[in-house]
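In what follows, a single structure is set out as structure tokens and then discussed.
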Amino acid sequence: MQIDSRATAASAAFLAPVLLLLPFVGKALHIDDPLFVWMARHIVEHPGDPYGLQVFWERATEPMYLANQNPPGIAYWLGLVGTAFGFGGVALHVSTALFAGAAGLGTYLLARELCQRPLTAALVAMLTPGMLVSASTLMTDVPMVALHVWSLALWIAGVNRDRRGLLVGAAVTMSAAFFFKYFALTLVPLALLYTVVVAPRRWRRAWPLVIPIVVAAAYVAWGLWRYDDNLLTVAADVALRSEWRAQRTVWQGCLVGLAFTGGCGASMLCMAPLLWSRRTLVAVTVGAAAVVGSVCLPTVFARLALPDTPTDLAYRLQAGIWIAAGLHIALLVFATVWQRRDAAAILLATWIVGTFVFSVFVNHLINARTLLPLLPALGVLAAQRMAAAGHRAFATPPWAVGALGVAGGFALWVAAADYEYADASRAAARAFARDRSRFAAEVYFFDHWGFQYYMQEHGARSLESGPNAYRAGSHRPPRSGDTGVIAHRHSSSIAGLDGCAVLAEYEYPMRTGMSTMTGGAGFYSHFLGMLPFVAGTPVPEAFRFVRIP
């Protein structure tokens with residue numbers, strides 16, 4: 001896909017993800033969104049103390065820096081937007097959609113340095129379930145990715161043109177990326193690697209890379225002074241929790257990582273006919289079919305699957321498809337390095353493999369968010385191979401537009417499913433507010449994420465808050481003298497509640513035919529499922545209000 005005007009192409013790279021996100025600007029707060037909104041509200045009143053509030057999250061009331069092990073960059077952004085336009089969800093989501101546009105434009109600029117089809121690279125990266133779903137939240141990941149690709153685009157341009165100003169600008173952008181997510185520190189070795197490969201005699205000009213290191217050290221010193229704790233090691237301690245990682249074997253981790261990579265980067269599967277010669281495409285297709293067939297075998301799948309994973313044929317088939325898609329990406333990386341053996345190929349391979357290794361073998365859980373940084377690299381990789389395959393029958397503009405259209409439609413489907421799941425929690429809280437007089441007692445809730453945010457907005461209290469309430473994590477049965485009402489998801493198991501009187505139950509069907517959170521889908525955590533999303537008929541989201549006797 002080639003557009004003559006660079007300005008038009010750059011505009012398309014920016015606008016494509018922004019426009020695709022417009023249907024989702026009314027999305028309810030979801031997953032960890034409430035943490036960043038609470039921080040933003042606090043920052044408006046105390047701009048020098050971003051973590052200076054206590055929050056109940058999961059099992060106990062704790063300082064914000066323990067509940068939210070992320071830098072405060074996105075909270076400052078949301079605080080700025082909230083001050084100007086209010087903390088309504090639409091304004092906040094529109095503001096974060098701009099980061100998705102910045103990621104698209106950054107990928108375009110990066111690809112201009114590395115290949116001949118920069119717009120194709122940007123669209124392949126942006127039209128993915130991983131990017132669109134993540135960009136429809138208020139979390140740190142997409143802003144960090146945007147600054148990540150801008151940093152590399154500036155650095156590579158600086159190395160290629162021997163421009164010190166661009167190198168310093170890249171280092172400053174890396175420092176900004178660090179304030180959104182600590183993973184941005186991996187930019188330093190990536191940039192140094194490219195410099196050494198391209199200009200080994202000029203590696204001393206990489207001195208600007210000291211800037212993000214100094215900034216990170218200053219941030220650690222500030223955390224020790226302000227909160228008497230090392231904010232960087234707090235995040236590392238959570239990421240490295242071995243008891244969580246021990247719940248999967250190495251092989252299971254690899255296969256889950258491949259399934260998440262293949263699913264979140266599904267545009268690469270759509271582009272497959274454009275990336276290989278006809279003969280190789282036949283071989284790749286046969287190999288993929290063999291992988292899918294093997295995974296579908298019940299005996300094989302039983303060895304591969306995580307505990308409590310669905311085992312029906314439809315689920316096994318989808319697992320096989322996305323594992324094969326992940327292996328397809330791995331094959332593309334290997335083939336590109338083998339055939340090109342240049343600085344760009346080495347950079348992209350290191351970027352992709354390094355992100356995968358971190359998500360699967362270092363981080364405590366596998367999810368789409370930790371794999372998100374590799375999507376721009378996949379876009380550039382696809383564009384490089386298309387540019388080198390111009391003589392192939394499928395590598396033509398009509399085929400490219402069709403493949404990208406399919407990829408974009410699929411990504412929108414997954415994003416719509418996540419929107420629907422998030423909205424169920426908001427709808428249940430609104431139903432509670434509407435029927436509040438029916439309960440005539442203090443209402444507590446079990447569960448967090450968006451459900452916690454909206455229940456608290458309507459006056460309910462966390463389970464830890466009441467004098468005789470349940471303490472989250474204990475799941476003890478009701479005690480004599482307990483009073484009140486407990487609200488929880490029907491799927492949440494709380495010991496002792498099964499025999500209690502149900503005052504109300506609200507059910508919300510999932511009509512998209514896709515799930516990101518239930519039925520073996522774990523977009524935000526592989527503990528929920530070994531696939532990032534699952535097509536089928538998701539069970540309805542149901543919420544119960546139960547009176548404590």
* Criterion side-chain contact (heavy atoms from CB on, under 4.5 Å) on Trp57 and Trp38, from CA distance to verdict -> CA-CA 12 Å; Trp57 198 248; Trp38 290 330; 3.9 Å; yes
Could you state the interatomic distance from [atom1] ([X]) to [atom2] ([Y]), rounded to the nearest 0.5 Å?
X: Leu378; Y: Met268; atom1: CG; atom2: CE; answer: 5.0 Å
X: Asn363; Y: Thr370; atom1: CG; atom2: OG1; answer: 5.5 Å
X: Leu347; Y: Ile352; atom1: CG; atom2: CD1; answer: 9.0 Å
X: Leu372; Y: Lys181; atom1: CG; atom2: NZ; answer: 9.0 Å
X: Leu404; Y: Met126; atom1: CG; atom2: CE; answer: 12.5 Å
X: Asp312; Y: Phe301; atom1: CG; atom2: CZ; answer: 8.5 Å

* Just do the side-chain contact (heavy atoms from CB on, under 4.5 Å) check on Trp351 and Leu152 with the steps written out, would you? => CA-CA 11 Å; Trp351 181 352; Leu152 285 177; 3.6 Å; yes
Within the 4.5 Å heavy-atom criterion, are [X] and [Y] side-chain neighbours or not?
X: Phe36; Y: Asn70; value: yes
X: Tyr453; Y: Ser425; value: no
X: Arg385; Y: Trp276; value: yes
X: Tyr315; Y: Met530; value: yes
X: Leu132; Y: Val414; value: no
X: Phe99; Y: Ile74; value: yes
X: Thr96; Y: Leu78; value: yes
X: Thr336; Y: Leu348; value: no

Whether the side chain of [X] engages the backbone of [Y] through a donor-acceptor N/O pair (distance < 3.5 Å, no angle test) should be reported.
X: Ser525; Y: Gly522; value: no
X: Asn367; Y: Tyr524; value: yes
X: Gln452; Y: Phe56; value: yes
X: Thr128; Y: Ser267; value: no
X: His93; Y: Gly89; value: yes
X: Ser134; Y: Met131; value: no
X: Glu420; Y: Thr512; value: yes

* To do: Look at the aromatic rings of Phe356 and Phe361 and report parallel, tilted or perpendicular, splitting at 30° and 60°.
  =>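 Taking Phe361 first and then Phe356, their aromatic rings stand perpendicular (interplane angle over 60°).
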Quick one: side chains of residues 283-297, donor-acceptor pairs under 3.5 Å with protein atoms, not counting sequence neighbours, listed by atom name and distance.
residue: Thr285; atom: OG1; partner: Leu281; partner atom: O; Å: 2.7
residue: Ser294; atom: OG; partner: Ala290; partner atom: O; Å: 2.8

Restricting to non-hydrogen atoms, name the atom on [X] and the atom on [Y] that form the minimum distance, rounded to 0.1 Å.
X: Ser515; Y: Ala417; answer: N-CB, 4.3 Å
X: Leu275; Y: Met271; answer: CG-O, 3.3 Å
X: Ala146; Y: Ala103; answer: CB-N, 3.7 Å
X: Gly263; Y: Pro532; answer: CA-CG, 4.2 Å
X: Pro376; Y: Pro373; answer: CD-O, 3.3 Å
X: Ala125; Y: Thr107; answer: CB-CG2, 4.3 Å

* Asked: Do the two ring centres, one from Trp413 and one from Phe533, sit under 6.0 Å apart?
  ->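 Ring centres of Phe533 and Trp413 not closer than 6.0 Å.
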* Asked: Are Phe451 and Phe543 close enough that their ring centres sit under 6.0 Å apart?
  ->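 Yes - the distance between ring centres of Phe451 and Phe543 falls below the 6.0 Å cut-off.
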* To do: May I have the step-by-step check of side-chain contact (heavy atoms from CB on, under 4.5 Å) for Trp150 and Leu105, ending in yes or no?
  => CA-CA 8 Å; Trp150 273 88; Leu105 180 56; 3.7 Å; yes
* Can you list every pair that meets side chain to side chain donor-acceptor pair (under 3.5 Å) and has a residue in residues 296-306, with sequence neighbours left out? ->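 Applying side chain to side chain donor-acceptor pair (under 3.5 Å) to every pair that reaches into residues 296-306, excluding sequence neighbours, yields nothing.
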* Arg279 atom CZ, neighbour heavy-atom count above 12 within 6.0 Å ->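 For Arg279, atom CZ is not crowded (no more than 12 foreign heavy atoms under 6.0 Å).
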Cut-off 3.5 Å, no hydrogens considered: what does the side-chain donor-acceptor table look like for residues 15-34, sequence neighbours left out?
residue: Lys27; atom: NZ; partner: Ser136; partner atom: OG; Å: 2.8
residue: Lys27; atom: NZ; partner: Asp418; partner atom: OD2; Å: 2.5
residue: His30; atom: NE2; partner: Asp418; partner atom: OD1; Å: 3.3
residue: Asp33; atom: OD1; partner: Leu138; partner atom: N; Å: 2.9
residue: Asp33; atom: OD2; partner: His30; partner atom: N; Å: 3.0

* To do: List the steps and the verdict of side-chain contact (heavy atoms from CB on, under 4.5 Å) for Leu98 and Phe14.
  => CA-CA 8 Å; Leu98 297 177; Phe14 177 84; 4.2 Å; yes
